[in-house]
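Here's the structure we're looking at; comments come further down.
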There are 4 protein chains.
Amino acid sequence: MFFQINSHNGVPVYEQVYRQVTFAVANDSLQAGEMLPSVRQLARELAINPNTVSRAYRQLQERDIVESIRGTGVSIAKGARGICRAERSRILRQSMRQIIEAARQSQLQDIEIEKLFQTELGSRKGK
Amino acid sequence: MFFQINSHNGVPVYEQVYRQVTFAVANDSLQAGEMLPSVRQLARELAINPNTVSRAYRQLQERDIVESIRGTGVSIAKGARGICRAERSRILRQSMRQIIEAARQSQLQDIEIEKLFQTELGSRKGK
Amino acid sequence: MFFQINSHNGVPVYEQVYRQVTFAVANDSLQAGEMLPSVRQLARELAINPNTVSRAYRQLQERDIVESIRGTGVSIAKGARGICRAERSRILRQSMRQIIEAARQSQLQDIEIEKLFQTELGSRKGK
Amino acid sequence: MFFQINSHNGVPVYEQVYRQVTFAVANDSLQAGEMLPSVRQLARELAINPNTVSRAYRQLQERDIVESIRGTGVSIAKGARGICRAERSRILRQSMRQIIEAARQSQLQDIEIEKLFQTELGSRKGK
DNA sequence: GTGGTCTAGACCACG
DNA sequence: GTGGTCTAGACCACC
């Protein structure tokens, strides 16, 4: 799997797994019907606890992105692409909104906010 | 006080207090020598726990933004303005960086990230 | 075979096979001496794992509902009809009991439980 | 708390907690704004693991039945009553539907199903 | 004190 | 082999 976990960015690990699956489906990197790696295998690959993977998978299932069958495995559900695109949008919007709101709460003007954002975005372009 | 607390934006309450003082000083809305409200009074006004205010004040004091004088209260320190401007910059940069990193981890292109950000910034202009 | 498997109704697949054989015998749709399809064939027909069919057959055998003769196949045992009628009764009672208990644990009155049940039973009459 | 756990009825423990809170709200036994017992306290009372309570509370929160604030506790959310009534209905209907479907899959007539259900319901009336 | 996350390890049911 | 549940215990952030 092409996932990577960053333990120090404040986003819970299970949420990182959740998002990466979601985004991969939104991207068409994962297609409906495909199997996800087993809980244990993905846990091994990412060097995290199986329970953590399990939690991510459960969250995917609750949102109908994934279908999980005991004894068989976990596969991408039929309508997943649409759901994942909506999810991706929701997640990103929410992040953006939070940061903007926090900046505004501190009396910053929108122009200043935008400038800061672009500076930060640009400063890593080389990486 | 002209502060406002939002319990649902993910930023810890003590951090919101901390930031709002810091930004007010950076803004010159609060000037060196001015007194902050007492812990209890501010807690009452904002309807939050005094411990939370206390923690914010402690953090302000640790960074030499305020001075607390026993029996008198808490006042903005002399060199606060410079410190606060640096702090403001640091805080905002860090927020921006986090959000950008999360978006990139999800395979988004910078252009898409920027577009999303601007959409979100613009969508609230009327408010 | 006239069986059908529903992967999404909570009843394990092997149990569905087990029950359908049992109920067919109780019904006289299957008679003593008749052969059941081979494990592999039934698995193919129902598009399920042979292990699953095997498990169902084993359970049928343990309760003397079928006899398996090496090299020949699996047939309905002599005394099966009586056993199956008792089994059918046991299974259904148990299902009913479970659901009633769960509803009662949630503080529902028996009258409410009955009404719900009948509504649900009636609502599918047309189908 | 007036909850009770039954480890042997097939319903996961966290789900039992979830349901009992939901049903209590639907009943008006718990009202919007009320605090639930803390995770640790309820775990102690029910003699289960705090993680299990936590999972139930998380599920309540995901469905907007409960609001949980770090460091403060968990309280019944504003619109909870309506949600809980819908949830209660959903849960019960689903149980009923499952059992009816299973019975029908086994070639039972609706009249027989109903008779069985009523027998089972009546047989415990005295308890 | 509160809730949230994560780990480790056990046990179960299912295919 | 698979996923699901539960326990025990640790650590963190917050109030």
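First the proteins, then the strands, lettered A, B, ... as listed; each starts at 1.
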| dC6(E) phosphate, OP1 or OP2, under 4.0 Å from Tyr14(A) side-chain N/O | no
| Value in whole Å for how far the P atom of dA10(F) lies from CG of Asn51(D) | 13 Å
| task | Take atom CD of Gln59(B) and atom P of dA13(F), then tell me their distance rounded to the nearest Å. | result | 12 Å
| field | Separation of dC11(F) C1' from Arg70(D) CZ (nearest whole Å) | value | 12 Å
| field | Touch class at under 4.0 angstrom, heavy-atom based, for Arg55(D) against every strand present | value | sugar-phosphate
| field | Any Thr52(B) side-chain heavy atom under 4.5 Å of Leu46(B) side chain | value | no
| remark: Separation of dG4(E) atom C1' from Leu36(D) atom CG, nearest Å, is 16 Å
| Which part of the nucleic acid, if any, lies within contact of Asn49(B), taking any heavy atom under 4.0 Å across all strands shown: a base, the sugar-phosphate backbone alone, or nothing? | sugar-phosphate
| Atom NE2 of His8(D) to atom C1' of dC12(E): distance rounded to whole Å? | 14 Å
| Any side-chain N or O of Ser68(D) less than 4.0 Å from the OP1 or OP2 oxygen of dT2(E)? | no
| query | Is it the case that more than 12 heavy atoms not belonging to Arg63(C) sit under 6.0 Å from its CZ atom? | reply | yes
| DNA chain E: 5'-proximal contact among Val11(A) and Gly73(D) (nearest heavy atom) | Gly73(D)
| message | So that I can tick it off, tell me whether Arg58(B) and Glu62(B) are bridged by a salt bridge, with the cut-off set at under 4.0 angstrom between side-chain N and carboxylate O. | response | no
| Whole-Å gap separating C1' (dG15(E)) and CG (Leu46(C)) | 14 Å
| request: Looking at every strand, decide which applies to Tyr57(D) at a 4.0 Å heavy-atom threshold: base, sugar-phosphate, or nothing. | output: nothing
| For Arg90(D) and Gln94(D), what are the C-alpha separation, side-chain angles and deciding distance, and is it a side-chain hydrogen bond (donor to acceptor under 3.5 Å, both in side chains)? | CA-CA 6 Å; Arg90(D) 186 190 66 75; Gln94(D) 188 194 320; 3.1 Å; yes
| Distance check: side-chain N/O of Thr72(A) vs OP1/OP2 of dT2(F), anything under 4.0 Å? | no
| If pairing requires Watson-Crick or G-U wobble contacts with both distances under 3.5 Å, which nucleotide is the partner of dC14(F)? | dG1(E)
| request: Provide, to the nearest angstrom, the distance between the CD atom belonging to Gln16(B) and the C1' atom belonging to dA13(F). | output: 15 Å
| request: To the nearest Å, give me how far apart CZ (Arg58(A)) and C1' (dT5(E)) are. | output: 13 Å
| said: Of the listed nucleotides (dC6(E), dC6(F), dG4(E)), which one gets closest to any side-chain atom of Ser54(D)? | reply: dG4(E)
| message | Closest approach to the side chain of Ser38(D), judged atom by atom: which nucleotide of dC14(E), dT2(E), dC6(E) is it? | response | dT2(E)
| said: We want to know whether Asn9(D) and Glu101(C) form a side-chain donor-acceptor pair, criterion being a heavy-atom distance below 3.5 angstrom. | reply: no
| said: dT7(F), OP1 or OP2 - any side-chain N/O from Thr52(D) closer than 4.0 Å? | reply: yes
| Are side-chain heavy atoms of Phe23(D) and Leu92(D) found at a separation under 4.5 Å? | yes
| query | Of Pro50(D) and Gly10(B), whose closest DNA chain F nucleotide lies nearer the 5' terminus? | reply | Pro50(D)
| query | Donor-acceptor pair under 3.5 Å: do we get one between Arg40(D)'s side chain and the base of dG1(E)? | reply | no
| request: With heavy atoms under 4.0 Å as the rule, sort Gln61(A) into base, sugar-phosphate or nothing. | output: sugar-phosphate
| Among dT5(E), dC15(F), dG3(E), the one nearest Val13(B) by side-chain distance | dC15(F)
